[in-house]
Amino acid sequence: QVQLVESGGGLVQAGGSLRLSCAASGRTFSNYAMGWFRQAPGKEREFVAAISWSGGSTHIADSVKGRFTISRDNAKNTMYLQMNSLKPEDTAVYYCAADLTYKSDTYYRRTGGSGMDYWGKGTLVTVSS
């Protein structure tokens with residue numbers, strides 16, 4: 001089992017920044033690829049970003065490319081999502097998830113993370129206009 005806890009969400013004005021964290025415990029964090037997904041009210045969950053076990057490879061959704069950065073610190077068992085230039089349409093609950101197998105961005109985008117092995121409970125990000 002892997003336990004995942006997100007933090008760092010909150011209310012921010014458009015154009016502002018937030019950094020989300022995902023703290024992992026349980027099995028070896030570095031064995032898992034990790035991802036961020038989000039779900040806005042009334043919408044399906046969507047892929048945001050993913051990172052490989054070592055952090056050497058990342059996928060970023062087109063909707064946030066150039067504004068969001070995913071990273072991880074395996075020594076701290078933590079993954080991050082740096083979100084800059086936030087827009088009202090970024091408002092959503094953000095979830096982190098662990099995947100035993102690092103997959104393509106196409107897979108994560110098409111499945112919305114349905115194949116991920118473990119999930120956190122989410123953290124709410126609200127961007128005001």
Side-chain angles (χ1 to χ4, degrees):
Q1 291 285 337
V2 175
Q3 292 77 43
L4 302 173
V5 179
E6 303 94 337
S7 62
L11 175 64
V12 64
Q13 288 189 332
S17 298
L18 283 175
R19 187 176 81 155
L20 304 184
S21 298
C22 173
S25 60
R27 294 188 176 181
T28 305
F29 177 67
S30 58
N31 285 349
Y32 290 86
M34 300 293 295
W36 288 99
F37 298 81
R38 67 186 182 184
Q39 187 166 20
K43 295 188 177 181
E44 292 187 352
R45 187 176 61 208
E46 66 173 354
F47 167 70
V48 177
I51 188 166
S52 64
W53 308 281
S54 67
S57 175
T58 62
H59 301 314
I60 304 291
D62 288 344
S63 59
V64 302
K65 195 166 292 183
R67 301 188 297 122
F68 290 12
T69 303
I70 187 171
S71 62
R72 66 189 295 165
D73 185 338
N74 287 343
K76 295 183 178 179
N77 291 346
T78 304
M79 174 181 65
Y80 305 97
L81 185 69
Q82 178 66 44
M83 305 186 296
N84 299 328
S85 302
L86 282 160
K87 304 175 180 181
E89 51 264 43
D90 294 319
T91 295
V93 177
Y94 284 72
Y95 299 91
C96 72
D99 191 349
L100 198 54
T101 307
Y102 185 54
K103 300 178 179 65
S104 70
D105 55 349
T106 301
Y107 176 88
Y108 290 128
R109 177 169 46 82
R110 289 182 176 177
T111 63
S114 62
M116 303 298 279
D117 295 297
Y118 300 101
W119 288 89
K121 293 184 178 181
T123 185
L124 176 63
V125 172
T126 304
V127 184
S128 63
S129 57

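Hydrogens, waters and symmetry mates play no part in the numbers below; they use all other heavy atoms, side chains included.
Contact record, V48 with F68: CG1-CD2, 3.8 Å, taken as the closest heavy-atom pair. A pairwise comparison of heavy atoms in G35 and M79 identifies O-CE, 3.5 Å as the closest pair. Of all non-hydrogen atoms in A24 and F29, the two that sit nearest each other are CB-CD1, 3.3 Å. In this structure, Y94 and A92 approach most closely via the heavy-atom pair CD1-O, 3.4 Å. Y32 and A98 get closest at one heavy-atom pair: CD2-CB, 3.9 Å. When all heavy atoms of A50 and Y108 are compared, the pair lying nearest together is CB-CE1, 3.7 Å.
For the atom pair S25 OG and L4 CG, the distance stands at 7.5 Å (nearest 0.5 Å). How far OG of S114 is from CZ of F47: 13.0 Å, rounded to the nearest 0.5 Å. For the atom pair CE of M34 and CG of N74, the computed distance is 9.5 Å after rounding to the nearest 0.5 Å. The structure places CD1 of I70 at 12.5 Å from OH of Y80, a figure rounded to the nearest 0.5 Å. Put simply, NZ on K103 and OG on S52 are 13.0 Å apart, with the number rounded to the nearest 0.5 Å. Here the CD1-NZ distance, from I60 to K65, works out to 7.5 Å after rounding to the nearest 0.5 Å.
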Residue pair R67, D90: steps toward the salt bridge (charged side-chain N to carboxylate O under 4.0 Å, His left out) verdict: CA-CA 11 Å; R67 301 188 297 122; D90 294 319; 2.7 Å; yes
Working for side-chain contact (heavy atoms from CB on, under 4.5 Å), residues Y95 and Q39: CA-CA 8 Å; Y95 299 91; Q39 187 166 20; 4.3 Å; yes
side-chain contact (heavy atoms from CB on, under 4.5 Å) between R38 and E46, intermediate numbers included: CA-CA 5 Å; R38 67 186 182 184; E46 66 173 354; 2.5 Å; yes
Pair C22-W36, side-chain contact (heavy atoms from CB on, under 4.5 Å): steps then yes or no: CA-CA 9 Å; C22 173; W36 288 99; 3.8 Å; yes
side-chain contact (heavy atoms from CB on, under 4.5 Å) between S17 and Q82, intermediate numbers included: CA-CA 8 Å; S17 298; Q82 178 66 44; 4.0 Å; yes
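Under the rule for a side-chain contact (heavy atoms from CB on, under 4.5 Å), the partners of E89 that lie at least two apart in sequence or sit in another chain are K87.
For T28 (side chain) and S30 (main-chain N/O), no donor-acceptor pair under 3.5 Å exists by modelled atom type. Looking only at distances, no side-chain donor or acceptor of R72 sits under 3.5 Å from a matching main-chain atom of G55.
Using a 30° and 60° split on the angle between ring planes, H59 and Y102 fall in the parallel class, below 30°.
Using modelled atom types and a 3.5 Å distance limit, the side chains of T78 and D73 yield no donor-acceptor pair.
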All N/O donor-acceptor pairs, side-chain side in residues 118-129, below 3.5 Å, sequence neighbours left out:
| from | atom 1 | to | atom 2 | distance (Å) |
| --- | --- | --- | --- | --- |
| T123 | OG1 | G9 | N | 3.2 |

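You'll find the side chain of T69 stays beyond 4.5 Å of the side chain of L81, heavy atoms only. Using a 4.5 Å cut-off on side-chain heavy atoms (C-beta onward), C96 and M116 make no contact. Inter-residue side-chain proximity for L20 and M83 is flagged as met; some heavy-atom pair is nearer than 4.5 Å.
For NZ of K76, the number of neighbouring non-hydrogen atoms (other residues, nucleotides, ligands) closer than 6.0 Å is 12 at most.
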